[in-house]
Amino acid sequence: MYSPRYLGRSICAGLSSNEHSPQVVKFKMALFWKRLFCDRSLLLGLKDHNVTNCFRTSRLLSARTRLVWCQHFSTSQARQGLGQRIKLGVRWANAKYEHFLQQRFPRFYSLYSTFLNGFRLLLQDAKEVRKIKTRMLSNNTDHWDLPYREMEKLRRFRRDMIKAIPLLVISIPPFANYVVFLLMYLFPRHFLIQHFWTPQQLVEFQTVYHSLRAQSHRPVLDALMQAAPSVKDSHLRSRLRELCEKVQSGGHPLVSEVHALRSLFAGSNLELKSLYAGHMKQLCSLLFLTSYVPSPLVARRLHSHAVELMHLDRALAHLDLHRLSDAEIKQACYTRGVNAHSLSSSQCREWLVQWLRFSIQLKESETSLYLHSMVLLTTNYPPLHHH
């Protein structure tokens with residue numbers, strides 16, 4: 001680039017007559033090279049033509065000028081400017097790429113944008129869950145003392161990770177990720193979590209899941225009818241039969257009618273741990289739990305999930321329902337057994353009010369009644385007079 005001879009002439013041009021000795025020139029050139037290569041601000045902050053002008057001017061040797069340059073082009077400012085230019089370049093390239101996909105491959109662009117937004121939502125949820133966990137540890141807060149939204153965030157994130165982690169493990173071997181991507185593309189309902197569903201897929205897939213869940217309603221009612229003769233109290237036995245017949249004939253029971261059977265589901269043959277394996281298997285379908293485990297473990301899982309929902313109901317009862325969005329209301333109804341996408345927002349809010357009025361009065365020992373009520377109070381809702 002620049003020879004030492006040329007630099008020597010440039011430096012000598014700014015020297016006085018008594019400073020033309022070779023020793024002075026050599027010292028000034030050494031000082032110049034040290035200043036240039038030891039101060040990274042000149043290398044990072046200045047453009048090429050500015051560096052060229054610095055080579056050709058004798059003002060660099062002035063202490064005042066060097067101080068001005070150091071104050072103007074600090075290392076932090078240079079790094080910040082370089083990082084900002086890189087960010088702008090990446091954004092520009094990404095915008096060009098998305099525009100190209102949107103114009104040439106609109107279907108692939110829809111999938112691409114859905115996956116990109118899904119990853120952003122997943123990372124955002126992971127950060128929120130980490131903050132909640134950290135706050136719980138620092139404040140020594142119990143899980144059941146959290147607000148409703150935080151408790152629901154932890155529950156849904158845990159279920160999503162249970163579904164996503166096996167898929168990540170499968171993709172570890174070389175080239176297995178291409179097979180995983182193919183499965184995710186062909187079977188999004190089975191291999192993707194809700195973060196990567198489109199709004200249309202969310203409605204479609206939840207409707208499919210509810211139809212699979214609704215297939216257990218009739219077997220659960222039949223199991224209750226079969227258990228009715230074993231009830232010793234004739235009054236409770238007749239009420240149980242009347243309630244099951246009302247639901248089977250298309251009627252929607254009142255909350256008071258279900259509450260009248262509380263003693264029947266606690267400490268009798270209808271207690272959770274006393275149910276038959278086939279009966280508990282049908283209850284697992286209500287919560288989307290696998291039933292291919294030993295019966296004692298099935299009863300324990302049903303009890304723990306029912307208790308979790310009961311605590312969520314109590315947290316939701318402390319929160320004003322008007323503060324929840326329509327999407328949150330529909331999700332809460334869907335979690336508790338209602339096909340929320342077939343109902344209006346007002347119908348969902350009305351049902352949730354009735355459900356909370358019923359749920360908050362139950363004890364943790366009455367989880368069997370809670371689970372059976374997900375059939376009794378949802379099968380025929382809304383009642384016929386709502387249509």
Side-chain angles (χ1 to χ4, degrees), residues 90-91 94-95 97-98 101-102 105-136 143 146-172 176-213 286-290 305 308-309 312 315-316 319 323-342 345 348:
V90 171
R91 291 178 182 177
N94 189 40
Y97 178 66
E98 291 182 356
L101 291 179
Q102 189 176 10
F105 308 100
R107 186 175 180 181
F108 180 78
Y109 173 75
S110 177
L111 295 174
Y112 169 79
S113 59
T114 302
F115 272 86
L116 192 61
N117 293 331
F119 277 113
R120 290 172 181 171
L121 293 176
L122 184 59
L123 291 177
Q124 182 179 354
D125 285 352
K127 292 180 181 179
E128 293 180 2
V129 168
R130 183 182 178 182
K131 291 180 181 178
I132 295 172
K133 291 286 188 179
T134 304
R135 190 162 55 249
M136 288 175 59
H143 178 78
L146 293 174
Y148 168 75
R149 284 191 174 97
E150 294 184 357
M151 199 184 305
E152 175 68 9
K153 177 73 69 175
L154 293 178
R155 187 192 71 87
R156 293 184 62 183
F157 187 79
R158 183 182 68 251
R159 294 181 67 93
D160 290 339
M161 289 300 100
I162 292 175
K163 185 177 181 180
I165 288 177
L167 198 64
L168 295 176
V169 173
I170 295 174
S171 63
I172 290 177
N177 55 339
Y178 296 105
V179 179
V180 172
F181 288 148
L182 181 62
L183 293 175
M184 293 166 63
Y185 175 75
L186 296 177
F187 308 102
R189 180 168 66 89
H190 300 87
F191 293 98
L192 292 180
I193 57 179
Q194 293 187 16
H195 297 80
F196 302 97
W197 292 350
T198 63
Q200 295 79 13
Q201 287 177 331
L202 177 64
V203 175
E204 177 186 352
F205 295 162
Q206 287 192 347
T207 303
V208 172
Y209 280 129
H210 178 76
S211 64
L212 297 175
R213 176 172 56 184
L286 303 177
L287 301 176
F288 306 112
L289 299 176
T290 179
H305 281 76
E308 183 179 29
L309 290 178
L312 274 170
L316 185 58
L319 182 67
R323 296 172 59 182
L324 296 179
S325 63
D326 291 342
E328 290 176 317
I329 291 291
K330 286 182 177 292
Q331 182 63 39
C333 292
Y334 174 78
T335 302
R336 290 153 182 80
V338 177
N339 185 15
H341 298 293
S342 64
S345 299
C348 289

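For clarity, every value in this text was computed on a predicted model and none was experimentally measured. This chain uses plain numbering: 1 for the first residue, then up along the sequence.
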Distance from [X] atom [atom1] to [Y] atom [atom2], nearest 0.5 Å?
X	Y	atom1	atom2	value
Phe157	Arg159	CZ	CZ	14.5 Å
His305	Leu289	NE2	CG	4.5 Å
Gln201	Phe196	CD	CZ	12.0 Å
Thr198	Leu192	OG1	CG	10.5 Å
Leu286	Leu212	CG	CG	12.0 Å

Are the side chains of [X] and [Y] in touch, meaning some heavy atoms are under 4.5 Å apart?
X	Y	answer
Arg156	Asp125	no
Leu324	Leu316	yes
Gln194	Gln206	yes
Leu122	Asp160	no
Thr207	Glu204	no

- Message: The test is salt bridge (Lys or Arg N to Asp or Glu O under 4.0 Å); show your working for Glu308 and Arg155 and say whether it passes.
- Response: CA-CA 9 Å; Glu308 183 179 29; Arg155 187 192 71 87; 5.2 Å; no
How far apart are the closest heavy atoms of [X] and [Y], and which atoms are they?
X	Y	value
Cys348	Cys333	O-SG, 3.4 Å
Arg213	Thr335	NH1-O, 4.2 Å
Ala340	Lys330	O-NZ, 3.1 Å
Val129	Lys153	CG2-CG, 4.0 Å
Leu146	Ala315	O-CB, 4.2 Å
Gly337	His210	O-CE1, 3.3 Å

Side-chain ([X]) to main-chain ([Y]) donor-acceptor, under 3.5 angstrom:
X	Y	result
Arg336	Ala332	yes
Trp197	Pro188	yes
Lys163	Ile193	no

- NZ/NE/NH1/NH2 to OD/OE distance under 4.0 Å, Glu328 and Arg149: yes
- Crowding at CZ, Phe288 (>12 non-hydrogen neighbours, <6.0 Å): yes
